[in-house]
Amino acid sequence: MSGVVAVCFGALAVSGLLCVARVARPGSSLPDRLVALDALLVVIVTGVGLGALTQSGRRFLDLLVVTSLIGFIGTVTVARFIERRGA
Amino acid sequence: MSDVVTAVVLLVGVSLSLLAGVGLHRFPDVFARMHAATKPATLGLALVLAAVAVRVPDAGDAAKLLLVVVLQFLTAPVGAQMVGRATYRAGTELGAGTTVEEPAGPPT
């Protein structure tokens with residue numbers, strides 16, 4: 001079981017790195033980066049939620065709820081900015 | 001037995017999240033990448049948190065995890081629709097395979 005959890009954390013880390021690579025890529029437009037950051041946030045929430053399997057990881061569950069809400073608000077804010085200003 | 005089920009669900013959920021990251025690089029267009037960034041990522045989150053919620057000893061913690069899943073299901077479509085609409089209205093150029101179907105009349 002702990003081997004499976006380690007593999008899961010590794011895969012989530014790879015996915016997070018891929019999202020960050022999309023953000024950092026020179027050819028990306030602003031909506032590209034916004035979409036990649038939204039995906040990165042979901043991956044981070046998945047990772048912290050996976051950490052709830054251990055005792056020390058269960059302290060962060062309240063933080064998880066707040067983080068997902070604030071991430072959504074940030075995505076909507078930048079989307080409105082794109083609509084107003086243009087990509 | 002429940003260990004095996006939990007492990008399988010965790011692996012499936014994590015592979016979906018991995019596919020979301022890979023899809024961000026493989027798709028040709030912003031709109032196509034939006035598919036990859038929202039759908040498998042959200043489903044992977046739901047599977048992983050559901051598997052963890054079953055294993056957590058405290059019912060309050062399990063409720064918090066399921067609350068995160070519900071919130072993500074409520075907010076992800078709204079966020080994706082707003083980003084898609086903003087990107088389209090900003091005049092982003094479409095990729096090779098993307099077609100546009102304009103609505104017939106004004107929005108009702």
Side-chain angles (χ1 to χ4, degrees), chain A residues 1 3-5 7-12 14-23 25 28-32 34-43 45-47 49-53 55 57-58 61-62 64-65 67-69 71-76 78-87, chain B residues 3 6-8 10-11 13-25 30-31 33-34 36-38 40-42 44-49 51-53 55-58 60-62 64-65 67-69 71-72 74-76 78-87 89-93:
Chain A
M1 190 65 196
V4 169
V5 172
V7 166
C8 289
F9 272 124
L12 286 176
V14 169
S15 178
L17 280 175
L18 285 171
C19 294
V20 170
R22 186 81 228 177
V23 173
R25 202 169 175 180
S28 305
S29 57
L30 180 57
D32 267 329
L34 175 62
V35 160
L37 283 174
D38 195 28
L40 175 65
L41 199 70
V42 176
V43 167
V45 169
T46 308
L50 185 60
L53 283 174
Q55 175 58 37
R58 265 174 239 140
L61 291 182
D62 303 317
L64 216 59
V65 177
T67 303
S68 62
L69 285 175
F72 162 68
I73 289 177
T75 302
V76 164
V78 180
R80 291 185 56 169
F81 172 75
I82 292 176
E83 196 163 352
R84 203 159 296 178
R85 198 198 75 153
Chain B
D3 252 5
T6 306
V8 165
L10 276 180
L11 284 173
V14 159
S15 61
L16 281 173
S17 293
L18 189 57
L19 281 177
V22 170
L24 278 179
H25 284 267
V30 185
F31 301 100
R33 278 181 220 124
M34 242 178 275
T38 53
T42 308
L45 173 77
L47 285 176
V48 166
L49 291 193
V52 173
R55 308 281 298 184
V56 158
D58 181 25
D61 287 341
K64 278 179 209 162
L65 287 170
L67 177 65
V68 173
V69 173
L71 282 173
Q72 199 63 38
L74 284 178
T75 61
V78 175
Q81 197 272 342
M82 288 195 70
V83 174
R85 188 180 65 176
T87 309
R89 283 189 187 168
T92 308
E93 58 194 45

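Chain letters run A, B, ... following the sequence lines, proteins first and then strands; every chain starts at 1.
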Counting heavy-atom pairs closer than 4.5 Å to chain B, which one of Val76(A), Thr75(A), Val43(A) comes out on top?
Val76(A)

Winner by heavy-atom pair count (cut-off under 4.5 Å) against chain B, out of Cys8(A), Gly71(A), Gly49(A), Ala11(A):
Cys8(A)

Where on Leu40(A) is there a heavy atom nearer than 4.5 Å to chain B: the side chain, the backbone, both, or neither?
neither

When the 4.5 angstrom heavy-atom criterion is applied to Leu67(B) and chain A, the contacting part is side chain

Given that the side chain runs from C-beta out, which part of Arg25(A) has a heavy atom under 4.5 Å from chain B: side chain, backbone, both or neither?
side chain

Most heavy-atom pairs under 4.5 angstrom with chain B, which of Val65(A), Leu50(A), Asp32(A), Val7(A)?
Asp32(A)

So which part of Leu71(B) gets closer than 4.5 Å to some heavy atom of chain A, the side chain, the backbone, both or neither?
side chain

Which distance, rounded to the nearest 0.5 Å, do you find between the CG of Leu65(B) and the CG of Leu49(B)?
5.5 Å

Atom CZ of Arg85(B): over 12 foreign heavy atoms under 6.0 Å
yes

4.5 Å side-chain heavy-atom contact, Leu30(A) and Phe81(A)
yes

Top contributor to chain A contacts, counting heavy-atom pairs under 4.5 Å, from Leu47(B), Leu24(B), Asp3(B), Leu10(B)
Leu24(B)

Would you mind checking which part of Val48(B) comes under 4.5 Å of any heavy atom in chain A, side chain (CB onward), backbone (N, CA, C, O), both or neither?
side chain

Does some side-chain heavy atom of Ser29(A) sit less than 4.5 Å from a side-chain heavy atom of Val30(B)?
yes

In terms of heavy-atom pairs under 4.5 Å, which option from Leu64(A), Ile73(A), Thr67(A) contacts chain B the most?
Leu64(A)

Rounded distance (nearest 0.5 Å) linking atom CE of Met82(B) with atom OG1 of Thr87(B)
11.0 Å

Which bit of Arg55(B) comes within less than 4.5 Å of chain A, counting heavy atoms only: side chain, backbone, both or neither?
side chain

Chain B heavy atoms under 4.5 Å from Leu34(A): which part of the residue, side chain, backbone, both or neither?
side chain

When rounded to the nearest 0.5 angstrom, what is the spacing between OG in Ser15(B) and CG in Leu12(A)?
10.0 Å

Minimum side-chain heavy-atom gap Arg58(A)-Leu53(A) below 4.5 Å:
no

Could you tell me if the side chain of Val23(A) sits less than 4.5 Å from the side chain of Cys19(A), heavy atoms only?
no

